[in-house]
Amino acid sequence: MSGNYFCEGVEKASQRSLFNALGMTKEEMKRPLVGIVSSYNEIVPGHMNIDKIVEAVRLGVAMGGGTPVVFPAIAVCDGIAMGHTGMKYSLVTRDLIADSTECMALAHHFDALVMVPNCDKNVPGLLMAAARINVPTVFVSGGPMLAGHVKGRKTSLSSMFEAVGAYTAGKMTAEDVEEYETHACPTCGSCSGMYTANSMNCLTEVLGMGLRGNGTIPAVYSDRLRLAKEAGMQVMELYRRNIRPLDIMTKEAFYNALTADMALGCSTNSMLHLPAIANECGIDIDLDTANEISARTPNLCHLAPAGHTYMEDLNEAGGVYAVLSELNKKGLINTDCMTCTGRTVGENIKNCVNKDPETIRPIDDPYSQTGGIAVLKGNLAPDRCVVKRSAVAPEMLVHKGPARVFDSEEEAIKVIYDGGINPGDVVVIRYEGPAGGPGMREMLSPTSAIQGAGLGSTVALITDGRFSGATRGAAIGHVSPEAVNGGTIAYVKDGDIISIDIPNYSITLEVSDEELEERRRTMPIKKKTGITGYLKRYAEQVSSADKGAIINKR
């Protein structure tokens, strides 16, 4: 095994003197230099255990013959950022993470990397960075939280948000809310349902960038530490074989990820992140592709918020590999794709079985014949919008109702909490897109308020913003073009009839073309003032949601 870039030659003596200042021995300098990108911090529950994961990775790298060096990546907790200005800073960190990791890794000429993310934006951000840097890389996440328990039932963060909505609607006492507050999130880890963090950690496994269990082994299990050591050792095997991210993240691998996405019922945020990661790999993934894959992929899992099973249950059922094994029974997975195990997908899932047909439905007995996500199109969203179909009540798959229009999340949430939304309404929240927000805030608070008020089976919500993976109901996001860019959503008025037909992938504002043209001439576009700093730069550069909210698209 060759040593690191700095180990030989008089011309590298100056750099070696700085390694001496770090306390490195000559033996360490002769080994490949492996960067461990640590997302540890003390504000995000999904990251508070990552210091232990990183230490286990360090041991694995050293056992495998490398020299481990840790450097940091930031991470925002979407739950803590939810419902206030802080949520504007969530999605935008994805690009900060990718950029800063690229800078650190290339400036210091690392030979290989182990990425240790866990939450919503730093998983895709680090996958984007891995594609740019393209040295042998393995991912190992911090792992999911265990489910909470309230009144004898498993629960999670989405139940907590809905409890707040129920209290506001007079359907729950303050004492009940406090019980949820103290029991909904019982351990460290990414929140316990198939929310965005867990979606992306599972899809990392499918893409081939994480070892088996990356997405499902609970954060508090010792198996997670063993996985981290294996990741450290395995990156050295990839280094020896020169297997790199762009060898793994191929177009076929992304199609596998989209297929697993539909089967698992992942967060709609995956429709932002997969295209952005693919873009860094030089691959175009559009939303029409997602619909084509969804049309042929059965939905096999109803994890929270869509159902009453959790990540710990998926892990016990055989995890992501068991889902892939079910899909492969009908030839829906490309089994020839290389993975970070050094083996193909087919080799990885050979002999994997589904241990719990209640958590992972057999391929011949799915929840539905089509995937968990649907992409809708129509005059209200000419460039498409996205809904988590598997989390929509059956009676809301087709809906028609009058629009209730709001120009911000705050305006909408006040009216919902005040009881101002009626059964049958279609709540429209606009000017919350990638550029218009800016930052494309998640709308978990208003959707949870609707659910908590008992309106989840009668009220839809449409936005150019996005949704937490914890959202359930007829919540349609990523409306493109967004309002600030002159999309139709900017010209909806209170009382306009909106028709939603999820099975037929359509969304229609029932207003004539002539009337819409008149509104475009007379209704001004609203732009937020006082936007400064990084948000200002982001708003000026970001693409629309249907393109993945990408900065500097290739």
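Since this is a predicted model, take the numbers as computed values, not measurements. Position 1 is the first residue of the sequence, and the numbers go up from there.
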Legend entry - Residue list, ring pair (Phe, Tyr, Trp, His ring centres under 6.0 Å) with His308, at least two apart or on another chain: none

Legend entry - Test ring pair (Phe, Tyr, Trp, His ring centres under 6.0 Å) applied to Tyr321 - qualifying residues, sequence neighbours left out: none

[X] atom [atom1], over 12 foreign heavy atoms within 6.0 Å:
| X | atom1 | answer |
| --- | --- | --- |
| Lys329 | NZ | yes |
| Ile43 | CD1 | no |
| Lys330 | NZ | yes |
| Tyr367 | OH | yes |

Inset, instruction - Please step through salt bridge (charged side-chain N to carboxylate O under 4.0 Å, His left out) for the pair Glu326 and Arg361, ending with a clear verdict. - result: CA-CA 9 Å; Glu326 286 290 344; Arg361 286 282 186 90; over 6 Å; no

Salt bridge check: are [X] and [Y] linked by an N-O gap of less than 4.0 Å?
| X | Y | result |
| --- | --- | --- |
| Lys350 | Glu347 | no |
| Glu179 | Lys151 | yes |
| Glu162 | Arg472 | yes |

Inset, instruction - Provide the full list of side chain to side chain donor-acceptor pair (under 3.5 Å) pairs with a residue in residues 220-235, sequence neighbours left out, each pair given once. - result: Ser141-Arg224, Asp223-Arg226

Polar side-chain atom of [X] near backbone of [Y] as donor-acceptor pair, under 3.5 Å:
| X | Y | value |
| --- | --- | --- |
| Asp365 | Pro362 | no |
| Asn354 | Val323 | no |
| Arg389 | Gly372 | no |
| Thr344 | Cys337 | no |

Legend entry - Value rounded to 0.5 Å, distance of OG in Ser390 from CG in Leu300: 11.0 Å

So do [Y] and [X] actually touch side chain to side chain, heavy atoms under 4.5 Å?
| X | Y | value |
| --- | --- | --- |
| Val37 | Val116 | no |
| Met24 | Thr67 | yes |
| Leu126 | Ile97 | yes |
| Leu332 | Pro298 | yes |
| Leu264 | Leu303 | no |
| Ile248 | Leu207 | no |
| Asp120 | Glu442 | yes |
| Glu55 | Ile50 | no |

Inset, instruction - Verify salt bridge (charged side-chain N to carboxylate O under 4.0 Å, His left out) between Glu27 and Lys30, making sure each step is shown before the conclusion. - result: CA-CA 5 Å; Glu27 288 74 14; Lys30 289 177 181 177; 5.6 Å; no

Inset, instruction - Could you point out which residue of Thr259, Ile373, Asn256, Asp261 forms a side-chain contact (heavy atoms from CB on, under 4.5 Å) with Ile293? - result: Thr259

Legend entry - side-chain contact (heavy atoms from CB on, under 4.5 Å) partner of Leu157, chosen from Pro305, Pro45, Cys191: Cys191

Inset, instruction - Indicate, with yes or no, if the rings of His47 and Tyr40 have centres closer together than 6.0 Å. - result: no

Inset, instruction - Would you tell me whether Ser199 and Ser267 have side-chain atoms, one donor and one acceptor, within less than 3.5 Å of each other? - result: no

Inset, instruction - Check the side chains of Tyr195 and Thr471 for a donor-acceptor pair under 3.5 angstrom, ignoring hydrogens and angles. - result: no

Inset, instruction - Walk me through it: do Asn214 and Thr204 pass the test side chain to side chain donor-acceptor pair (under 3.5 Å)? - result: CA-CA 8 Å; Asn214 177 71; Thr204 298; 4.7 Å; no

Inset, instruction - Check side-chain hydrogen bond (donor to acceptor under 3.5 Å, both in side chains) between Asp78 and all other residues, then give those that pass, not counting sequence neighbours. - result: Ser90, Lys121

Side-chain atoms of residues 102-113: list all donor-acceptor pairs with protein atoms under 3.5 Å, sequence neighbours left out, distances to 0.1 Å.
residue, atom, partner, partner atom, Å
Glu102, OE1, Arg132, NH1, 2.8
His108, ND1, Met104, O, 2.8
Asp111, OD2, Leu33, N, 2.8

Inset, instruction - Mark yes or no: Lys12 above the aromatic ring of Tyr5, with NZ or CZ under 6.0 Å from the six-membered ring centre and no more than 45 degrees from the axis. - result: yes

Legend entry - Arg16 to Phe6 six-membered ring, cation-pi geometry met (6.0 Å, 45°): no

Inset, instruction - Start with the C-alpha distance between Thr339 and Asn348, add both sets of side-chain angles, then the distance that settles side chain to side chain donor-acceptor pair (under 3.5 Å), and finish with yes or no. - result: CA-CA 9 Å; Thr339 72; Asn348 286 342; 3.0 Å; yes

Inset, instruction - Could you check Asn279 against Asp284 for side chain to side chain donor-acceptor pair (under 3.5 Å), going step by step and ending with a plain yes or no? - result: CA-CA 6 Å; Asn279 174 65; Asp284 284 326; over 6 Å; no

Inset, instruction - Might you work through the side chain to side chain donor-acceptor pair (under 3.5 Å) test for Asn122 and Ser39, ending with a clear yes or no? - result: CA-CA 8 Å; Asn122 79 319; Ser39 299; 2.5 Å; yes

Inset, instruction - Could you tell me which residues satisfy side chain to side chain contact (heavy atoms under 4.5 Å, CB included) with Ala290, sequence neighbours excluded, listed by chain and number? - result: Leu258, Met262, Met271, Val375

